[in-house]
There are 2 protein chains.
Amino acid sequence: MGEMVVSESLLYAAVAVAAVVVLGNALAVSSASESSKVKIWPMPASVSYGNAHLYLATDFGLSSNSESLILKEAFDGMLAAIKLDHVIDANSSAFNRSSLLQGLHIVVSSPNEQLQYGTDESYKLMVPSPEKPGYAHLEAKTVYGALHGLQTFSQLCYFSITRRVLEVRMSPWTVIDQPRFPYRGLLIDTSRHYLPLTVIKKVIDSMSYAKLNVLHWHIVDTQSFPLEIRSYPKLWNGAYSSSERYSAADAAEVVRHAVIFFFCLYSNDNLLFRALQFFLICLLKSIHSYAQKRGINVLAEIDVPGHALSWGVGYPSLWPSKDCQQPLDVSNEFTFKVVDGILSDFSKIFNFKFVHLGGDEVDTTCWTTTPRISNWLKRHRMNESQAYQYFVLRAQNIALSHGYEIVNWEETFNNFGSKLSRKTVVHNWLGGGVAQRVVESGLRCIVSNQDKWYLDHLDTPWQEFYINEPLTNITNSKQQKLVLGGEVCMWGETIDGSDIEQTIWPRAAAAAERLWTPYDKLAKNPREVTGRLAHFRCLLNQRGIDAAPLAGSGRAAPLDPGSCYEQ
Amino acid sequence: MGEMVVSESLLYAAVAVAAVVVLGNALAVSSASESSKVKIWPMPASVSYGNAHLYLATDFGLSSNSESLILKEAFDGMLAAIKLDHVIDANSSAFNRSSLLQGLHIVVSSPNEQLQYGTDESYKLMVPSPEKPGYAHLEAKTVYGALHGLQTFSQLCYFSITRRVLEVRMSPWTVIDQPRFPYRGLLIDTSRHYLPLTVIKKVIDSMSYAKLNVLHWHIVDTQSFPLEIRSYPKLWNGAYSSSERYSAADAAEVVRHAVIFFFCLYSNDNLLFRALQFFLICLLKSIHSYAQKRGINVLAEIDVPGHALSWGVGYPSLWPSKDCQQPLDVSNEFTFKVVDGILSDFSKIFNFKFVHLGGDEVDTTCWTTTPRISNWLKRHRMNESQAYQYFVLRAQNIALSHGYEIVNWEETFNNFGSKLSRKTVVHNWLGGGVAQRVVESGLRCIVSNQDKWYLDHLDTPWQEFYINEPLTNITNSKQQKLVLGGEVCMWGETIDGSDIEQTIWPRAAAAAERLWTPYDKLAKNPREVTGRLAHFRCLLNQRGIDAAPLAGSGRAAPLDPGSCYEQ
């Protein structure tokens, strides 16, 4: 998969060079300093542009070889986003025909709409199309690559307030693009504060603007258990309140493409069922999940055996004792039955290749101080750290049995890395240097070192997010490929629905460019990209996303009156 | 108008008493302490409730004597708002028929959809309808009263996560309601920071949830001039940038009901024109403005002669000199031509009865230190304060000539109150006690004393907003009627699109109850309403409005993990 992308990229690069030659007046952008006129965030792998103005026809439309409803909806959403609620009432027929764009022609080569880790995300965008005059042209292997192309196209478009029309400046454009890392994540935490569904959906919208592609949903923790688990229906007794909960159906609607019915239907084969099948296919096409429709995978987490106190509100036997309530009781078979039940339920909702099993910050005091458990440890000849390992590995096996590969926080690697399943991805958080050791051991890694990529650290400015390099000191190309990418973490202790957006943005965007843009095109000094990032944060504001000013620390308010672009 | 509301209210009150008697198990709510189970914000004038559960049928629909598209859209919006993005998939036919609500029946007695100062906002809501089983019943004189009734109904509805259905608890309900003050405002400031249209529209949405009814749009100030004025097209050269602007069409779309075409049509009377007329009426019905559709009037402001430096970016002759740039040049006839042009343009967009002419914080130093102007003052035998009065009164006359009544900040009253047009409403801001003096002088007043109702004062907590009483020391009932209401002010120096919502909410809601709810039903101690206000702020969060926690000062982040309802 990685190889294919590379060769594709070479092919595209050759086309780009050709395009530059053919178009004559186009300028290729090859370094950060040359690109100050290009306002795309994150910066694409390859961009060239000219100096002409084009205008979008009033009935600017989609034409495509694909019938994809995901694509159609994304195109409509993109058009709404670029209008920014302005009144567009220019008479576009009064414009010079050669300066009018009639629509966007999209060619998607694969009809497969499965979204998964490693799905091809590359695309190529040409404005105008050299082959189809009056149209822009977007090509992608998958619909999800096309979605990224639509996001890029949306960033080429401006509302002209003097002409009251949408315009593309600096045409012709050729953008050839693909991400540097296949895993570009954002963590949200719905245990420390419940996040309303409306808020989660808006976070997903905003992620797609920055080409992030994994929502890491840290669903449950010590403080609350908001999700319905049908196998163990008392688990969500650990929610803060009855209205601070997600039903399993809610989660499914946020997350995944409903395919269940297909299986029922394919097992029958008469005419009535074929008719029903057709009807249901139409129906199912319209209920693609919210995240999938935006190219966002959802990584679900249950953090075990620590960070799980809230499980025991509904099932107190999961606690070591009423007075000592975590970690989960390692000595109790029921504990692993519940883990199995949760992961079984997860597998019906969360169809990402990975599930996150946590494993961090396990304080085993309650195991040794609770006589029942300390006796069990003695009987099984384990000390506490062996019991911790036993718990994590047993949970891994349960996840594997449900078809998942596993992500675990780095303490599991730091304590017993060689024992972890080879299907483990180690999630770094404690600090730098961990990824290097993980990939040297042959395991895969996701980078989230807290000193740089924790969004709840309000004193970490966007510049620090920008310069955090996941491949630091990793030079071997095979080892480099084991770094799947990185993730910024929006822990929820001091954020809720009221301030999550400006705590995430614009700092998450700085990390998003680090994870998307080829290393050589990244700015060596973040100062070089300040203007472009400010432009992106103003765009987020215009689209209704509450991204904070760049000046100051995380979620700082503007200090003084002034233009958005200078704050 | 005021009289009519009162008698209507008495009639309604009689019906309410009757309803309580008939329904038997219903409890009338007569004081704040009895109302802890009622979670409606702001608290209605009269509420009674019972103890039954009702469920909304899957196809819960609108039936009405009115064809109003405003009503239909508001009903659809209300349904979307109460779903809160949850999956509603209960089979409502499985519910007991007597506990099912099939729809809401709305009776609006006046077909007049004009929204204006003083428009009747009363309504009566009964769930279920005593006359139409299976339906809820909403009655109002105007569509705008019905909109308030829909908001109240939306607050009676809960999503039941266990049954996955919408429910009304504590039925039967009888709510008889009308506002205490006809003017319940919120100021936004688009000069210190440009607010994207998306943000303004979301602010309007949120206002309607709290039954506020005037958006005071402080459009222009020293720092920037974002609005297109067609009569003087260089004025918006004073915008921060080309994309930090509103076209006149944008403003119209935010604000007003398009009625222009009607006038053209009514002057013709043949068949073709009647057909066209029908078509256009349908068209026009669909382009009711955003604010009007939500029952929100828009009060436009140009603040003169101070706070107007940005005007001179496009027309430098409006400045006393290049080095001394405000107040506007009082000696220049062009200044008043521009004021006239702006108000002429305003009258095509802003059809509220009032326009705001500012008049505050005028430092006349530039008039006395600029030789041209000081000579003019001498020639006209005016000192600076007389010139300030001259400017304000001349601007008032221009506004009157365009059919407006006037709002001016209180300095105009404090300095030359007896000279002001009798059509002036004095806008208090400096402190308490002003309203009393204004109404004693026979003028009308809006209360916004900065020590209590300025939202940019982050150290003013919601409790202070709640206890600020506009009628303090005003006991004469005729004088009381001269207090039109009050307004909370969201000045823009340190807020922009990224943090405006949580700086406004929940504190503006505290003021909204003060302005809506009958004096006797207001809590004497704000502590009594903490739980209900927390409930409302969580509702705002669930609807995607970033209302901050109640604990702490303005726009404080949550301090610790926990339930929304306790923060």
Side-chain angles (χ1 to χ4, degrees), chain A residues 84-87 89 158-162 164 191-194 196-199 201-202 223-224 228 240-247 249-250 252-253 492-499 501-503 505 537-538 541-544 546-549 555 557-567, chain B residues 84-87 89 158-162 164 191-194 196-199 201-202 223-224 228 240-247 249-250 252-253 492-499 501-503 505 537-538 541-544 546-549 555 557-567:
Chain A
L84 301 176
D85 275 322
H86 282 290
V87 173
D89 59 3
Y158 292 81
F159 170 67
S160 162
I161 193 128
T162 45
R164 303 230 295 269
S191 177
R192 274 62 178 258
H193 287 95
Y194 176 81
L197 288 161
T198 317
V199 172
K201 288 182 174 178
K202 211 156 155 232
Q223 287 81 357
S224 78
E228 177 185 24
Y240 286 125
S241 69
S242 67
S243 67
E244 288 166 298
R245 286 177 174 174
Y246 313 102
S247 71
D250 289 336
E253 206 266 331
E493 282 87 347
T494 58
I495 63 104
D496 63 12
S498 71
D499 56 359
E501 286 179 25
Q502 62 267 56
T503 318
W505 307 105
R537 101 97 176 164
C538 297
N541 278 188
Q542 288 158 9
R543 292 183 182 180
D546 304 339
R555 76 163 171 243
L559 288 174
D560 291 300
S563 168
C564 181
Y565 299 100
E566 288 159 16
Q567 302 200 312
Chain B
L84 302 176
D85 274 323
H86 282 289
V87 173
D89 58 4
Y158 292 81
F159 171 68
S160 161
I161 194 129
T162 44
R164 303 231 294 269
S191 177
R192 275 60 178 259
H193 286 94
Y194 176 83
L197 288 162
T198 318
V199 172
K201 289 182 174 178
K202 212 158 153 228
Q223 287 82 357
S224 77
E228 177 183 25
Y240 286 124
S241 68
S242 65
S243 67
E244 287 164 299
R245 286 177 175 172
Y246 314 101
S247 70
D250 289 338
E253 206 265 329
E493 283 85 347
T494 57
I495 63 102
D496 63 12
S498 72
D499 55 0
E501 285 178 26
Q502 62 267 57
T503 319
W505 307 105
R537 100 95 178 167
C538 297
N541 279 188
Q542 288 158 9
R543 292 183 182 181
D546 303 339
R555 77 164 171 243
L559 287 172
D560 290 300
S563 168
C564 181
Y565 299 99
E566 288 160 17
Q567 300 200 313

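As the structure is a computational prediction, the values presented were derived from the model and not from experiment. Sequence lines set the chain letters: A, B, ... in the order given, protein chains first and strands last, and positions in each chain run from 1. Heavy-atom basis, side chains included; hydrogens, waters and symmetry copies ignored.
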A.B. asks: Flag the one option from Ser498(B), Pro549(B), Gly492(B), Ser191(B) with the top tally of heavy-atom pairs under 4.5 Å to chain A.
C.D. replies: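 If we count pairs closer than 4.5 Å to chain A, Ser498(B) comes out on top.
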A.B. asks: Please classify the contact between Glu228(A) and chain B as side chain, backbone, both or neither, with a heavy-atom cut-off of under 4.5 Å.
C.D. replies: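 It is the side chain, since no backbone atom gets that close.
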A.B. asks: To the nearest 0.5 Å, what is the distance between OG1 on Thr198(A) and CG on Leu84(B)?
C.D. replies: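 Between atom OG1 of Thr198(A) and atom CG of Leu84(B) there are 6.0 Å.
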A.B. asks: Counting heavy-atom pairs under 4.5 Å with chain A, which one of Lys201(B), Lys202(B), Arg555(B) comes out on top?
C.D. replies: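 Winner by heavy-atom pair count: Lys201(B).
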A.B. asks: Please classify the contact of Asp560(B) with chain A as side chain, backbone, both or neither, using a heavy-atom distance under 4.5 Å.
C.D. replies: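 Contact with chain A: backbone only.
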A.B. asks: Which atoms of Ile495(A) come close to chain B, meaning under 4.5 Å heavy atom to heavy atom: side chain ones, backbone ones, both, or neither?
C.D. replies: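 Only the backbone of Ile495(A) comes within 4.5 Å of chain B.
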A.B. asks: Among Gln223(A), Glu244(A), His193(A), find the one that has a side chain to side chain contact (heavy atoms under 4.5 Å, CB included) with Ser563(B).
C.D. replies: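 By the side chain to side chain contact (heavy atoms under 4.5 Å, CB included) criterion, Ser563(B) pairs with just one of Gln223(A), Glu244(A), His193(A): Glu244(A).
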A.B. asks: Please rank Asn541(A), Thr503(A), Val199(A), Ile161(A) by heavy-atom pairs under 4.5 Å with chain B and give me the top one.
C.D. replies: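 The residue among Asn541(A), Thr503(A), Val199(A), Ile161(A) with the greatest pair count is Ile161(A).
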A.B. asks: Side chain, backbone, both or neither: which part of Ser241(B) has a heavy atom under 4.5 Å from chain A?
C.D. replies: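 Side chain only.
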A.B. asks: Shorter than 4.5 Å, heavy atoms on both sides: which option in Asp89(B), Asp499(B), Asp496(B) has the most such pairs with chain A?
C.D. replies: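 Option with the top pair count is Asp496(B).
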A.B. asks: Could you tell me the separation between the CZ atom of Phe159(A) and the CG atom of Asp250(B), rounded to the nearest 0.5 Å?
C.D. replies: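 It is 5.5 Å, given to the nearest 0.5 Å.
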A.B. asks: Under a 4.5 Å heavy-atom cutoff, which of Trp505(B), Tyr240(B), Tyr194(B) has the most pairs with chain A?
C.D. replies: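 Top option by heavy-atom pairs under 4.5 Å: Tyr240(B).
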A.B. asks: When heavy-atom pairs shorter than 4.5 Å are enumerated against chain A, which of His86(B), Arg245(B), Gln542(B), Arg192(B) gives the highest number?
C.D. replies: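 Between His86(B), Arg245(B), Gln542(B), Arg192(B), the count favours His86(B).
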A.B. asks: Tell me, for Ala557(A) versus chain B, whether the close heavy atoms (under 4.5 Å) come from the side chain, the backbone, both or neither.
C.D. replies: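 For Ala557(A), the contact with chain B is made by backbone and side chain together.
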A.B. asks: Counting heavy-atom pairs under 4.5 Å to chain A, which of Gly562(B), Ser160(B), Cys564(B) comes out on top?
C.D. replies: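 Top count of heavy-atom pairs under 4.5 Å with chain A: Gly562(B).
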A.B. asks: Could you look at Arg537(A) and say if it's the side chain, the backbone, both or neither that has a heavy atom under 4.5 Å from chain B?
C.D. replies: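 Looking at Arg537(A), just its side chain touches chain B.
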A.B. asks: Let me know if Leu559(B) has heavy atoms under 4.5 Å from chain A in its side chain, its backbone, both or neither.
C.D. replies: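 Leu559(B) touches chain A through backbone heavy atoms alone.
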A.B. asks: Need one label for Tyr158(B): side chain, backbone, both or neither, based on atoms under 4.5 Å from any heavy atom in chain A.
C.D. replies: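 Contact with chain A involves no heavy atom of Tyr158(B) at all.
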A.B. asks: Check whether Gln502(A) gets within reach of chain B through its side chain, its backbone, both or neither, counting any heavy atom under 4.5 Å.
C.D. replies: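 Contact with chain B: side chain only.
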A.B. asks: Quick check on Gln567(B) against chain A: is it the side chain, the backbone, both or neither that has a heavy atom closer than 4.5 Å?
C.D. replies: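 Interface part for Gln567(B): side chain.
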